[in-house]
Amino acid sequence: MLIDLLIVIVKIAIMLAFVLGLVPVLVWAERKGAAFIQDRMGPAKADIFGLRLAGLFHPLADALKLLFKEDFVPEDAHPLFYRLAPVFAMAPVLLTFAVVPFGDTIEIFGRKVPLQVADLNVGILYVFAFSSLTVYGIILAGWASGNKFSLLGGLRSSAQMISYEISLGLSIIGVAMVFGSLKLSDIARAQGELLFGVIPKWGVVVQPLGFILFLVSVFAESARIPFDLPEGESEIVAGFHTEYGSFKFAMFFLAEYVHVVVASGLIATLYFGGWQIPYLYADGFHLFGKVLHLPFALVVIMQVLAFVVKVLFFCWFFIWVRWTIPRFRYDQVMRLGWKVLLPLALANIFITGSVLLLFGGAKPL
Amino acid sequence: MIRVKKVSRPKEIPLTEKLYLVEIAKGLAVTMNHFLKNLTNPRSIPTIDYPEVKRPVPPRFRGRHRLTKRPDGTPKCVACYCCATACPAVCITIEAGEHPDPQIEKYPVRFDIDMLRCIYCGMCVDACPEDAIRMDTGWYTVPERNREDLVYTIDMLLSD
Amino acid sequence: MERILFFIFGFVAVFGSIMVVSRRHPISSVMYLLLTLFSVAALFVLRKSHFIAAIQIIVYAGAVVVLIVFVIMLLNVAESKIPVERPTLAQGVGVVAAGLLMLEGALVGSRYGAQIEKAVDVGTVEAVGKALFTSYLLPFEITSLLLLAAIVGSIVLARKKF
């Protein structure tokens, strides 16, 4: 009992450390990557005892700066909801990562321990439920700030999130249909199989359209460029966090990057095999009938590392896209969501269902 | 009367552009090219690492002023007020004193340039009949913590 | 353990719903509504109906309440313009009567049948899916027709010219 509790706590700690620890690195990668994409040098000045590490200390300096700034509440703000909004922005995103598996089930002290904080049988729905709650942070911030630009940002975000939640949910249904489960651990495990004996059965291979729809929707859900209309600094100052300063602003900032990490984790799990490495099984590599035996511990470590690498790649993808595409106009966002993504997602479900019924051997009721 | 100019727009957008995805992939390729180029060869970035590295200043660049000296070290300036008169920003304050050498009439007891007012036009240099003031130091940032420190006195102007 | 959690979440749900109707500012009401929805979802989880709990949060907390907030924010009535409601005698009598009715219902229920059943698999994904697509297929399809009619109706109302 006690040791089970301990294992769960350790898993949560690892998860939190991974997600929150990745944030400063991402901030640094974002600034440095943006600089290199735009032929600039990027941050390079902050140093500790003359050690600069290509500007890696800048996020640290920023965090300290934000911590020591005055923690104010504007006069027109609603005092309670103004303070509550950053928490609402932060908590659901962090909770979402609980169901993302980062490795196969392993045995410690004779216990089966799934490398996942919570293996829910409605994992996908859980993700969906909590990602639909992130909008409250933005709405509350927009409304409680008592600022017209904040309100506009809040309004935009609520409309945008509701619109893209639908295509997000519908695009995941395709994956759930193919792998026959809503459990994220099952989905990750099923992606270790091979199609025709060669191609890994990753979500992106069996659901290419679904992947694109999910990717676009997830960008819209995390309010990153090209869908960062709630912030829209060129039109509505900074949108919902115009009136925020100090560590309350830092919470929004943190939430945005945690959202990126979580979204990357979901993309990796649902469409890129999660912790699976192609042709690698519990006892080693299987390729063209030959087997390269590896110790189980090494396999587990490689799989966890594979998951981390996949997450890092998609985090970088978020950054990469941000410095490539300009922001959509509001009506374009709405048109894309309702007139393009939604019908395509429905078509994707229909096609997936038909294919499964015809070739997949799914039994009609 | 406002006239509206009709700008011709492409009538038909090809399917590849309508799909967005192809164009986005092209854009991503462009940014990735820049990123990789700058990552592998950071020296190609044109940024100058400013306080440590300074942009080379052209020879006729008008920077901060200096007062030239005679061979014996005294200022060449004869306190004729030509520069103060020419200055459009009225930033030069001169107080004349009688020079011990009868060949030279006057010398500046006080020669202040208020750098906060100076517009770096170089008219003082043009106006000087004695070649006593020059702007060839190549020094263009004059940051200080107090306004008082930005009024340069004769000692500071003579020091380099 | 389950019983304790049931009482905690049940209390939170009741407390939240009382706050929803008694708060003066609509946004406060909405936030308490959210709290109530969450605790009801927790009650569903206690009955092992994970699917229904998740749907409860997705549909109600994630979409319906967001729309309510959206409307409140669009109208954005100033705090000073919200009418002050004073409790009347009729309201007081109504609350007491409702309380008595609930008590009576609980008493009658406990006497005649209505025992606490063991948590069964009625709210899982498989159970709900099977029920919807086999025994309740006709009502399910009729509901979709109703929704379609509602959508068409709203578009017709929203359009200026007919």
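Numbers restart at 1 for each chain; the letters A, B, ... are given by sequence-line order, proteins then strands.
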Q | Side chain proximity check, C:Phe38 to A:Leu133, heavy atoms < 4.5 angstrom | A | yes

Bottom line for C:Val65: the part with an atom under 4.5 Å from chain A's heavy atoms is both

Rounding to 0.5 Å, atoms CG (A:Leu182) and NE2 (C:His50) come to a distance of 12.5 Å

Okay, A:Ala159 and chain C: the region with an atom under 4.5 Å from a heavy atom over there is both

Between the main-chain N or O of C:Ala61 and the side-chain N or O of A:Tyr136, is there a donor-acceptor pair closer than 3.5 Å? yes

Ranked by heavy-atom pairs below 4.5 Å to chain A, first place among C:Leu34, C:Ile55, C:Val66, C:Ile27 goes to C:Ile27

Quiz prompt | C:Tyr60, OH: over 12 other non-hydrogen atoms inside 6.0 angstrom | solution = no

Turns out that what part of A:Ile139 lies under 4.5 Å from chain C's heavy atoms comes down to both

By ring-ring contact (aromatic ring centres under 6.0 Å, His included), C:Phe44 pairs with (sequence neighbours left out) none

The reported gap from CD1 in C:Ile57 to CZ in A:Phe128 (rounded to nearest 0.5 angstrom) is 12.5 Å

Taking CZ in A:Phe328 as the centre, count heavy atoms belonging to other residues, nucleotides or ligands within less than 6.0 Å. Is the count above 12? yes

Residue from A:Val135, A:Thr134, A:Leu140 scoring the most non-hydrogen pairs under 4.5 Å with chain C is A:Leu140

>> Tell me whether C:Leu89 at atom CG has more than 12 heavy atoms from other residues, nucleotides or ligands lying less than 6.0 Å away.
In response: no

In terms of heavy-atom pairs under 4.5 Å with chain C, the winner among A:Leu155, A:Leu80, A:Ile162 is A:Leu155

Sequence neighbours excluded, the answer for side chain to side chain donor-acceptor pair (under 3.5 Å) partners of A:Ser145 is none

Shortest non-hydrogen pair, A:Ala129 vs C:Ala54, comes out as CB-O, 4.2 Å

Note to self: Can you confirm whether C:Leu146 is buried at CG, in the sense that more than 12 heavy atoms of other residues, nucleotides or ligands lie under 6.0 Å from that atom?
What the structure shows: yes

